[in-house]
Amino acid sequence: MTFLKTLTYASSIALLAAAAQAAEVKIAMNGADDPVANAEAAFAHGFADALEGTEFEVKIFPSNTLGSESERYDQIAQGLVEVNLATTSTAFGMSPLVKGAAMPFFFADATEFDKVIGESDIMDEMNAPLVENGVRMVGFNFIGVGIGIHNAKKPISKLADMQGMRFRALNAEQLAFQEALGSSGTIVAWAEVANAIQTGVADGYFNPPNSAIRTGHTEFLKHFTPANIAPSIRSVLISEDWYMSLSDEEKAEIDAAIEAGIKANRDWVEAWSTEVRTRHEAAGVTITELAPGEREKMIALSEGVWATTLNPEELKLWTDAKASVQ
């Protein structure tokens with residue numbers, strides 16, 4: 001074989017390999033690949049099913065197989081991973097406006113949240129600094145029904161019940177909210193939460209009820225208050241460089257798959273919402289509703305948190321986005 005033929009052959013093989021690689025779509029996430037028990041896995045499989053029959057081949061990498069939250073975020077930015085199901089706070093540093101999506105009591109319910117994200121231009125505003133750095137946010141997954149108050153000590157039906165209690169906080173924003181309610185908080189990595197509660201470092205956490213059920217935390221978190229503080233969200237991130245390299249037809253296929261994944265996620269949550277209370281009670285958890293007027297007190301206190309979470313311009317963008325869909 002001549003040198004030229006050898007070179008042509010090698011180039012052809014390289015092009016074929018590149019094409020095959022381009023067709024692979026890796027979905028990275030921190031949870032188990034279990035669409036029955038994990039809402040994010042429901043998204044992943046809804047996304048993958050929608051791409052059957054196309055040239056894309058979807059591979060799911062669960063349980064932090066491809067790295068931690070920050071490592072997966074970097075891989076998306078570098079184009080090493082195509083889709084990442086991420087904790088929403090990973091984007092805060094690059095796009096502080098994203099913090100608004102997790103503000104306590106800002107949205108009336110999950111339906112209003114979806115309307116604001118889907119029908120206003122707030123997603124474009126959040127994405128402006130992200131896409132410049134190789135990351136595109138394309139949606140939010142719900143990981144369960146609305147966020148409530150889990151604790152290991154006592155029933156909570158009013159603000160006064162939270163005095164002197166300390167909760168695990170996900171980040172500085174949630175810590176500020178807990179302090180606004182009259183309790184205290186401590187930032188603890190999720191992997192350390194069980195130990196923190198069992199050793200008294202924290203008395204509980206603010207999470208959707210399925211978090212405790214899925215992890216077995218109901219063994220020591222025996223009290224839950226369904227306060228519906230905010231939708232329990234995580235973000236869907238894709239590689240901007242990868243997405244922009246696709247043809248218009250391929251982009252349309254990916255867009256449709258994202259939409260299918262989000263629908264599968266919402267369907268999962270709707271189905272789960274009808275049985276989560278039964279499962280909680282079966283695990284021996286006491287469910288305590290907020291007393292009349294107490295949620296309104298929490299909402300009033302939350303408004304101060306919004307003002308410290310976002311600057312005035314950012315808060316106005318979110319307020320205007322909410323007003324535009326009402």
Side-chain angles (χ1 to χ4, degrees), residues 27-34 37-41 43-44 61-77 81 84-96 98-99 101-104 135 137 140-144 146-153 162 165-181 183-224 229-237 285 305 308-309:
I27 299 182
M29 61 183 183
N30 76 333
D33 183 14
D34 183 354
N38 182 5
E40 286 191 293
F43 171 93
F61 293 85
S63 306
N64 288 334
T65 306
L66 297 184
S68 66
E69 293 286 354
S70 60
E71 289 169 337
R72 299 198 314 275
Y73 187 85
D74 289 343
Q75 290 167 24
I76 282 285
V81 173
N84 180 30
L85 309 186
T87 181
T88 300
S89 60
T90 59
F92 287 0
M94 198 171 289
S95 180
V98 177
K99 294 178 182 180
M103 288 191 297
V135 178
M137 182 179 291
F140 291 92
N141 276 320
F142 292 164
I143 58 173
I147 292 172
I149 304 168
H150 301 257
N151 88 91
K153 284 192 169 182
M162 300 176 66
M165 297 188 72
R166 181 170 57 234
F167 294 91
R168 176 261 180 172
L170 170 65
N171 49 40
E173 289 72 29
Q174 191 174 69
L175 180 63
F177 172 57
Q178 291 165 347
E179 291 175 348
L181 297 183
S183 60
S184 62
T186 179
I187 296 177
V188 178
W190 183 248
E192 303 299 323
V193 165
N195 183 62
I197 294 172
Q198 290 175 302
T199 58
V201 172
D203 299 317
Y205 52 59
F206 292 9
N207 257 33
N210 55 298
S211 295
I213 295 170
R214 188 182 69 248
T215 56
H217 293 174
T218 50
E219 292 182 11
F220 44 86
L221 291 174
K222 291 299 185 182
H223 303 280
F224 179 70
I229 295 167
S232 51
I233 58 170
R234 285 174 60 87
S235 56
V236 182
L237 307 177
V285 175
V305 177
T308 58
T309 298

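One-based numbering along the sequence shown.
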- To the nearest 0.5 Å, what is the distance between OG1 (Thr88) and CE (Met137)? 6.0 Å

- Message: Nearest 0.5 Å, please: how far is CD in Gln178 from CE in Met162?
- Response: 7.0 Å

- Task: Please name the pair of heavy atoms, one in Phe140 and one in Ala101, separated by the smallest distance, quoted to 0.1 Å.
- Result: CZ-CB, 3.9 Å

- Does Glu40 use its side chain to pair, donor to acceptor, with the backbone of Gly31 at less than 3.5 Å? no

- Got a second to check how far Phe224's CZ is from Asn151's CG, nearest 0.5 Å? 11.0 Å

- Query: Do you know the tightest heavy-atom contact between Ala32 and Pro62?
  - Reply: C-CB, 4.1 Å

- Leu221 CG to Ile149 CD1 distance, which is reported to the nearest 0.5 Å: 12.5 Å

- Item | Any donor-acceptor pair under 3.5 Å from Thr309 side chain to Glu173 backbone | no

- Task: Check the surroundings of atom CD in Glu219: do more than 12 heavy atoms from other residues, nucleotides or ligands lie under 6.0 Å from it?
- Result: no

- Might you point out which heavy atoms bring Ile76 and Leu237 nearest each other, and give the distance in Å? CD1-O, 3.9 Å

- Message: Has Ser95 got a side-chain atom pairing as donor or acceptor with Ala91's backbone, closer than 3.5 angstrom?
- Response: no

- Query: Between Arg168 and Leu170, does a side-chain contact (heavy atoms from CB on, under 4.5 Å) hold up when you go through it step by step?
  - Reply: CA-CA 7 Å; Arg168 176 261 180 172; Leu170 170 65; 3.8 Å; yes

- Find the distance between OG (Ser183) and CE (Met165) and round it off to the nearest 0.5 Å. 8.0 Å

- Phe142 side, atom CZ; Asn210 side, atom CG - distance, nearest 0.5 Å: 12.5 Å

- Task: State, yes or no, whether a side-chain contact exists between Ile229 and Phe177 at a heavy-atom distance under 4.5 Å.
- Result: yes

- Task: May I ask you to decide if the ring planes of His217 and Trp190 are parallel, tilted or perpendicular, using 30° and 60° as cut-offs?
- Result: tilted

- Task: Check whether any side-chain heavy atom of Asn207 lies under 4.5 Å from a side-chain heavy atom of His150, and answer yes or no.
- Result: yes

- Backbone N/O of Val201 and side chain of Arg166: donor-acceptor pair under 3.5 Å: yes

